[in-house]
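Keep in mind the model is a prediction, meaning the values are calculated, not measured. Below, each value reflects all heavy atoms present in this structure, side chains not excepted, and no hydrogens, waters or symmetry copies.
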Amino acid sequence: MVYDDDVHFNIFLAAMRKGKNITLERLSWGICSISLIGRIESGERQPDKLMRDRLMDRLGMVNDGFEDFLSPDEYALWKERQTLLQAIENKDIATAERLIHQYETDQSRNNAIERQFYLTMKIQMMQYRKDADKEVREALRQAIALTIPDCSMAKWSSRLLAVQEWNLLLEYIRYGGNVRVARIKGRSCKVAAYEKMLEVIEKSGMDIYGCVKIYPKTVYYLCQQWMKSPVEDWDCRKMYDLAEKALDMLRSANRMYYLCETLEIMERILAVWIEREDMTQKESMRLRPMLAQVREWSRVLAEVFGSQGVSDKMENCCYLYRQMYNYRIGDVVRKRRKMLGKNAKALCHGTCGEKTLRRLENHRCSTHMDIVGELLKGMGMAPDYQRKRITTDQYEAMVLFDRATRALNNQDMETLGSTLSKLRDILPMDFPDNRQEMDFLETLYLWHSKKIKNEECIRRLQQALEYTVPLKCVKQMEEGFLTRAEMDCLHNIARRMEGAEKKVYMDLLRKICEQLVEEDKVEVFASTYELTMYNVASYLGDEGEYAESDKICHYIMKLSLSLRRDNMLHMCIYNNLWNQMKNTSADRKSFVESELQKCLQLAKLCKDTFYEEFYNKKINHILHKGTT
């Protein structure tokens, strides 16, 4: 397990910037000097977390794709921001106001990006209170000015902004802010600004997980503005095409940001469009099934959100600032070292003194990252404080890797196979994490393509896991730290195991995830928790522990809905339906069919064609042969 040629954040940043043909000037505009970005890329200057996040966001790469190791001070500030987000989402006004006041009275904190965040949260509180538009607009102007010196619409095309910055501009326009829009006959200033924003966002190079956070919201605001005019003046085709594009983006990313709002405007548009006097019968017949589908999705979503006590409407902008996979570096080192059974002396040899390690593990100092990097390498991990799942300085490799992971999630084996062959040619295999990721993806490709059996799949996954951590250490650990890639290997091994060994793995996975709940870190590790615990719930159902299985799936559903992630919903509903069918002798054909229809609609919504076909078969079986 060696990392001979380190690829640190500065090298990764420069590679992604150059790969997207973005100049230093465009990236740095409004947040720092060109020379500072140059020093960051050369490794002369280590940026703080807020700057790293903003640079990556401006490059169109959202933070959720990173694992971020933070110093004690940075972690404390990050946790404070996450606590404020939680308070605002829960409408805990007292806690939110206390944290905002605490920040505003701390004279030592003068970071412009941080000030923008806290001012944005203050604006959210003003919106909750329904303060006067003029006051909200002025606060938005102040927040924007912190990183966007000139917000005039004419300059947008040449600017590179993060999704959080676009959101501030969007809200500023909604509250009547002046972005110096040239008046166009027949179009209001707001409409012109919204349309321009959509155009610029589409061309920004933002990845789909960033784009989906702002594009549907902008479409929703634009359509709301159009709908203020009489229905006979609506350009239904134009409005519908935009809404459909926003919906398709949400479905492809398995996210639900402004999803219910998008479906709501689509239903209104279609209802008006169908009733137009100039509508031909052929066109009307084409639109009616679309209206029926939109209404069915809206009905199912309302039912699912309601069942978990979560609002189906977006009520704040906190989702733009929520981050996953942020760790305190001392916790990572301590847990990993103990899991591997390494004593302090052995780990520190040739790197640092044992006193330094103890201080690091107890969060009493910010250890130099060169030392931390050496410690991480000594424990089978990539030596950087912010990293993607692969180690690379090639933009093309990152694009291919993202395409491969999306193809696996969508069970698109044709795309996955062709992408992996290209990726292996350019991804350096001397890095253990790269070998691990490639072997993991290739193994699942072979298994899904029925080219290998379970036994071979398990063997290959175990081998992939052991590139970075011995399997025996994982199975014996009481407390430990596993990367996302290692957790993916582990739960895929577990779900393919049988008999007593399967129970060993499932118990281990459950213990790991329950520690996250105890430490109040579930939302930070949500995607890992959802998938891992779903497999645990499925196993428990097979073992007859129906109540516990149901409880886990309800928890996953509430978590997914709160974070606006939809890909696990249909699976959890089906798991609980299966448990009910096994746990009762009652023949409830209509109930079973209704639940399966719900699963079908949710699978269709998130473009899960495998499960869509599965549920259709189940429904047809019931219609012809009953529930048995």
Side-chain angles (χ1 to χ4, degrees), residues 208 211-213 215-224 227 236-237 239-274 284-315 319 409-410 530 553 556-574 576-577 590-616 618-619:
I208 188 170
C211 202
V212 78
K213 289 183 175 182
Y215 191 91
K217 182 178 180 179
T218 309
V219 169
Y220 177 60
Y221 281 7
L222 173 58
C223 288
Q224 277 191 317
M227 286 176 175
C236 291
R237 184 177 297 278
M239 294 164 70
Y240 183 80
D241 285 348
L242 280 174
E244 186 178 45
K245 186 169 187 175
L247 176 62
D248 186 67
M249 192 179 292
L250 289 162
R251 294 175 65 198
S252 297
N254 296 142
R255 297 294 184 267
M256 296 188 286
Y257 311 126
Y258 286 87
L259 172 60
C260 293
E261 291 86 345
T262 300
L263 292 171
E264 179 185 300
I265 60 173
M266 290 176 77
E267 181 176 349
R268 290 182 63 190
I269 294 165
L270 286 167
V272 169
W273 199 0
I274 287 170
S284 177
M285 292 296 290
R286 184 182 72 85
L287 295 177
R288 288 185 187 279
M290 295 158 63
L291 177 58
Q293 178 63 85
V294 166
R295 284 175 170 165
E296 184 64 8
W297 278 335
S298 295
R299 182 193 67 78
V300 168
L301 286 170
E303 186 177 331
V304 174
F305 273 100
S307 71
Q308 299 301 320
V310 179
S311 174
D312 61 351
K313 296 297 189 291
M314 299 294 292
E315 298 177 323
Y319 70 99
N409 292 338
N410 297 330
E530 289 167 352
C553 277
I556 293 171
M557 287 177 66
K558 188 161 189 172
L559 177 66
S560 297
L561 291 167
S562 298
L563 297 176
R564 290 324 201 242
R565 300 162 56 85
D566 67 1
N567 53 314
M568 299 297 298
L569 295 176
H570 64 87
M571 297 164 69
C572 288
I573 292 171
Y574 181 76
N576 290 4
L577 173 61
S590 60
F591 170 75
V592 174
E593 184 184 351
S594 173
E595 290 297 285
L596 284 172
Q597 286 287 357
K598 192 187 299 181
C599 293
L600 173 63
Q601 292 302 325
L602 291 170
K604 190 181 295 186
L605 183 62
C606 61
K607 294 188 176 182
D608 194 330
T609 54
F610 174 84
Y611 275 101
E612 186 181 341
E613 183 180 346
F614 173 79
Y615 298 133
N616 266 319
K618 290 288 182 182
I619 291 167

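Aromatic ring pairs are classed by plane angle as parallel below 30°, tilted from 30° to 60° and perpendicular above 60°; the pair Tyr574 and Phe614 is perpendicular. Ring geometry for Tyr319 against Tyr257 counts as parallel: the plane angle stays under 30°, on a 0 to 90° scale with 60° as the upper cut. The aromatic rings of His570 and Tyr615 sit perpendicular, their planes meeting at an angle over 60°, well past the 30° parallel limit.
Applying the 6.0 Å contact sphere to NZ of Lys598 captures more than 12 heavy atoms from other residues, nucleotides or ligands.
Summarising the geometry of Ser284 relative to Ile274, their closest heavy-atom pair is OG-CG2, 3.7 Å, with the distance given to 0.1 Å. For the residue pair Cys606 and Asn567, the shortest heavy atom distance occurs at SG-CA, 4.2 Å. Residues Ile265 and Met227 approach most closely at O-CE, 3.7 Å, considering heavy atoms.
At a threshold of 4.5 Å between non-hydrogen side-chain atoms, the residues Leu270 and Met290 count as touching. Put simply, the side chain of Lys604 reaches to within 4.5 Å of the side chain of Glu612, judged on heavy atoms. Trp297 places none of its side-chain heavy atoms less than 4.5 Å from the side chain of Met266. By the 4.5 Å heavy-atom criterion applied to side chains, Leu577 and Leu596 are counted as neighbours. Side chains of Val304 and Ile573 form a contact here, defined as non-hydrogen atoms less than 4.5 Å apart. With a 4.5 Å cut-off on side-chain heavy atoms, Arg288 and Leu291 do not count as touching. With a 4.5 Å cut-off on side-chain heavy atoms, Arg564 and Tyr258 do not count as touching. Looking only at side-chain heavy atoms (C-beta outward), Leu250 and Met256 stay at 4.5 Å or farther from each other.
Rounded to the nearest 0.5 Å, atoms CZ (Arg237) and CD (Glu244) are 11.0 Å apart. Taken from SG in Cys599 to CG in Leu602, the straight-line distance is 7.0 Å, to the nearest 0.5 Å. Annotation: the span from Met239 atom CE to Arg268 atom CZ amounts to 7.5 Å, rounded to 0.5 Å. Here Leu569 contributes atom CG and Leu561 contributes atom CG; the two are 5.0 Å apart, rounded to the nearest 0.5 Å. Atom SG of Cys211 is separated from atom NZ of Lys213 by 12.0 Å, given to the nearest 0.5 angstrom. Taking CD from Gln308 and CE from Met557, the interatomic distance works out to 4.5 Å, rounded to the nearest 0.5 Å.
Between Asp248 and Lys607 a salt bridge is recorded (basic side-chain N to carboxylate O distance below 4.0 Å). Residues Glu261 and Lys313 are not paired through a salt bridge, judged by the lack of any N-O separation under 4.0 Å between the basic side chain and the carboxylate. With respect to the salt-bridge test (charged N to carboxylate O, under 4.0 angstrom), the residues Arg299 and Glu303 qualify.
Between the side chain of Ser594 and the backbone N or O of Ser590 there is no donor-acceptor pair closer than 3.5 Å.
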Kindly indicate, with the supporting measurements, whether the criterion side chain to side chain contact (heavy atoms under 4.5 Å, CB included) is fulfilled by Gln597 and Val300. CA-CA 9 Å; Gln597 286 287 357; Val300 168; over 6 Å; no

Check step by step if side chain to side chain contact (heavy atoms under 4.5 Å, CB included) holds for Arg251 and Leu605. CA-CA 6 Å; Arg251 294 175 65 198; Leu605 183 62; 4.2 Å; yes

Please determine whether side chain to side chain contact (heavy atoms under 4.5 Å, CB included) holds for the pair Leu301 and Leu263, giving the CA-CA distance in whole Å, both sets of side-chain angles, and the decisive distance to 0.1 Å. CA-CA 10 Å; Leu301 286 170; Leu263 292 171; 3.6 Å; yes

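Each of Tyr221, Tyr220, Tyr215 was scored for a side-chain contact (heavy atoms from CB on, under 4.5 Å) with Lys217, with one residue passing: Tyr221.
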